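What follows is a single structure, written as structure tokens, with notes after it.
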Amino acid sequence: MLSGPENMPVFGDNQLTPEQKRSIIDYVQTLKEQADPGGAGIGRTGPVSEGLVMWVVGIGALLFGIFWMGTKA
């Protein structure tokens with residue numbers, strides 16, 4: 001907030017008071033600590049990792065079923 005990485009604007013004490021900055025920091029920290037309401041967080045990397053895990057598990061289960069049926073035939 002004080003230096004602003006790359007294109008992020010600098011928020012000096014003219015725009016936000018130190019108390020407001022502390023409140024924003026506290027809010028972001030509480031968001032990090034909360035559980036993921038939408039399923040398995042998998043490191044909070046987003047829906048791409050969840051989709052990848054589901055594809056790997058799903059394709060693995062399909063292959064297992066195919067091979068199991070093939071050995072029965």
Side-chain angles (χ1 to χ4, degrees):
M1 288 180 153
L2 297 178
S3 61
E6 297 178 13
N7 293 330
M8 183 178 169
V10 177
F11 293 100
D13 288 340
N14 298 345
Q15 288 83 17
L16 295 172
T17 65
E19 183 179 310
Q20 290 172 325
K21 292 177 189 175
R22 186 77 231 158
S23 296
I24 293 170
I25 292 169
D26 291 340
Y27 174 71
V28 170
Q29 293 299 328
T30 57
L31 288 179
K32 286 182 180 180
E33 294 169 2
Q34 289 181 355
D36 293 317
I42 309 175
R44 290 187 177 260
T45 53
V48 173
S49 62
E50 291 182 16
L52 178 65
V53 168
M54 291 309 297
W55 270 96
V56 169
V57 169
I59 290 176
L62 285 173
L63 288 174
F64 174 77
I66 289 169
F67 288 129
W68 180 69
M69 284 186 245
T71 59
K72 293 276 190 178

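Keep in mind that this is a model prediction, so the values were computed, not measured.
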(request) Drop me the distance from Phe64's CZ to Met69's CE, to the nearest 0.5 angstrom. (result) 10.0 Å
(request) Please indicate whether Gln29 has more than 12 foreign heavy atoms, meaning atoms of other residues, nucleotides or ligands, lying under 6.0 Å from its CD. (result) yes
(request) Determine whether Trp55 and Leu63 fall in the same hydrophobic cluster, where Ile, Leu, Val, Met, Phe, Trp and Tyr are linked whenever their side-chain heavy atoms lie under 4.5 Å apart. (result) yes
(message) Hydrophobic cluster membership, with links at side-chain heavy-atom distances under 4.5 Å among I/L/V/M/F/W/Y: are Ile59 and Trp68 in one?
(response) no
(message) I need the minimum non-hydrogen distance between Lys21 and Leu16, along with the two atoms involved.
(response) CE-O, 3.4 Å
(request) Please name the pair of heavy atoms, one in Gln15 and one in Gln20, separated by the smallest distance, quoted to 0.1 Å. (result) O-OE1, 4.1 Å
